[in-house]
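Input: a single structure, listed below in structure tokens.
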There are 2 protein chains.
Amino acid sequence: MDTPKVDDAVIQEVLDIFSKHLEDNSFRKTPERFAILEEIYKRNDHFDAEALYIHMKNQNYRVSRATVYNTLELLVNCDLVKKHQFGKNLAQYEKSYGYKQHDHLICIDCGKVLEFCDPRIQQIKNMMGDILKFKVVDHSLNLYGNCDGACPRTQKKEE
Amino acid sequence: MDTPKVDDAVIQEVLDIFSKHLEDNSFRKTPERFAILEEIYKRNDHFDAEALYIHMKNQNYRVSRATVYNTLELLVNCDLVKKHQFGKNLAQYEKSYGYKQHDHLICIDCGKVLEFCDPRIQQIKNMMGDILKFKVVDHSLNLYGNCDGACPRTQKKEE
DNA sequence: TTGTGTGCAAAAGCTTTGCATGTTG
DNA sequence: CAACATGCAAAGCTTTTGCACACAA
């Protein structure tokens, strides 16, 4: 729910995983790719591509939007980053290594995102895959509502 | 799962509901709004705004994209149409009156969309709402996978 | 008659692409 | 050194907005 491990050990692990993924697929190991992965794993929130781009710029990295999008796709492909669409036409991303599967509850008033886990999702995936003859490889469950008293009505109070 | 009722009785019902909704909110009853609703209820598939716009044009209605988007929003607000995002940056819509709640299974290879119902979703919504102090008003559950043997690999074979 | 709704086209916002240059393998 | 990745800017696509005109109330 809070304070995920952001230590250097985790960052080293994901860098290694990414490095191997690039190797296995004959993609090149560029400094930009590793820098982007590292910055993502120093963050703890959900972010969009533009925010990540700005963040990289602020850290004085010389990157382009194209590279940010390109790298995000690579990271999604090797399961180090997860991509979401919380109802709007704007992709949101979050790091995913070392976190257990979870889903999201989104406040339609203030945009706040909470996370939760429920084992019944896995059961539903298995059952529906069997019944409908689908090989289910992924899912997305979003609950929409509002956080009532706690809702600041403004965009993202705690940032 | 198939052949939903598309008879005139249903269309009349939704036209009445929409009419009342417009009245209650002091919105005007324009021919465009009713024409769009009617065309939506003659279809049985998931569609995007552009496809609906083209469809209206082909029927020789004189409508604009602005009106299509405007009307879709009105229809979503009064629960006659449901809006989805199946992973891509493109809103998909479907009529929702008279259908029981259902979720979707999307083929990542051919884009085919299947529907299913599972009561456990409702349980999860209730439980998570209680635990996290959220008033859950809506949800979206998409399962992604592929339909293997049945998958035509091409976009939407049956259209 | 008044003001909301519409059509049209331009603008906005997110993402992708083209091209010349740089850099990895 | 050859091919791929990058930066930059332009283009693409979906959706929204501005404005003058039409029409519902």
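So you know, we letter chains A, B, ... as the sequences are listed, proteins then strands, and number each from 1.
- Listed by first and then second residue, the salt bridge (Lys or Arg N to Asp or Glu O under 4.0 Å) pairs that reach into residues 49-71 of chain A are A/Glu50-A/Arg65, sequence neighbours excluded.
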Produce a footprint string for nucleotides 9-25 of chain D: one letter per nucleotide, 5' end first; B if the base is under 4.0 Å from any protein heavy atom, S if only the sugar-phosphate is, - if neither. -----SBBB------BS
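- Qualifying side chain to side chain donor-acceptor pair (under 3.5 Å) partners for A/Lys83, counting only residues two or more places apart in sequence or in other chains: none.
- Within the structure, every pair that satisfies the side chain to side chain donor-acceptor pair (under 3.5 Å) test and touches residues 122-134 of chain A, not counting sequence neighbours, is listed here: A/Gln122-A/Asn126, A/Gln123-B/Arg120, A/Lys125-A/His139.
- Rounded to 10 degrees, the angle between the two end axes of the helix from C/dT1-D/dA25 to C/dG25-D/dC1 is 30°, with five pairs used at each end.
- B/His104 is linked by a ring-ring contact (aromatic ring centres under 6.0 Å, His included) to B/His46, B/His84, B/Phe86, B/His102, counting only residues two or more places apart in sequence or in another chain.
- Sorted by first then second residue, the salt bridge (Lys or Arg N to Asp or Glu O under 4.0 Å) pairs that include residues 12-24 of chain A, not counting sequence neighbours, are A/Lys20-A/Asp24, A/Glu23-A/Lys29.
- Screening residues 10-35 of chain A for ring-ring contact (aromatic ring centres under 6.0 Å, His included) gives A/Phe18-A/Phe34 as the qualifying pairs, with residues at least two apart or on separate chains.
- Separation of atoms CG (A/Asn146) and CD1 (A/Ile108) is listed at 6.0 Å; rounding is to 0.5 Å.
- Every pair tested for salt bridge (Lys or Arg N to Asp or Glu O under 4.0 Å) that includes a residue from residues 66-81 of chain A fails, sequence neighbours excluded, so the list is empty.
- When the P atom of C/dT23 is taken as reference, atom CD of A/Glu32 falls 9 Å away, rounded to whole Å.
- Atom CG in A/Leu72 sits about 12 Å away from atom P in D/dT6, given to the nearest Å.
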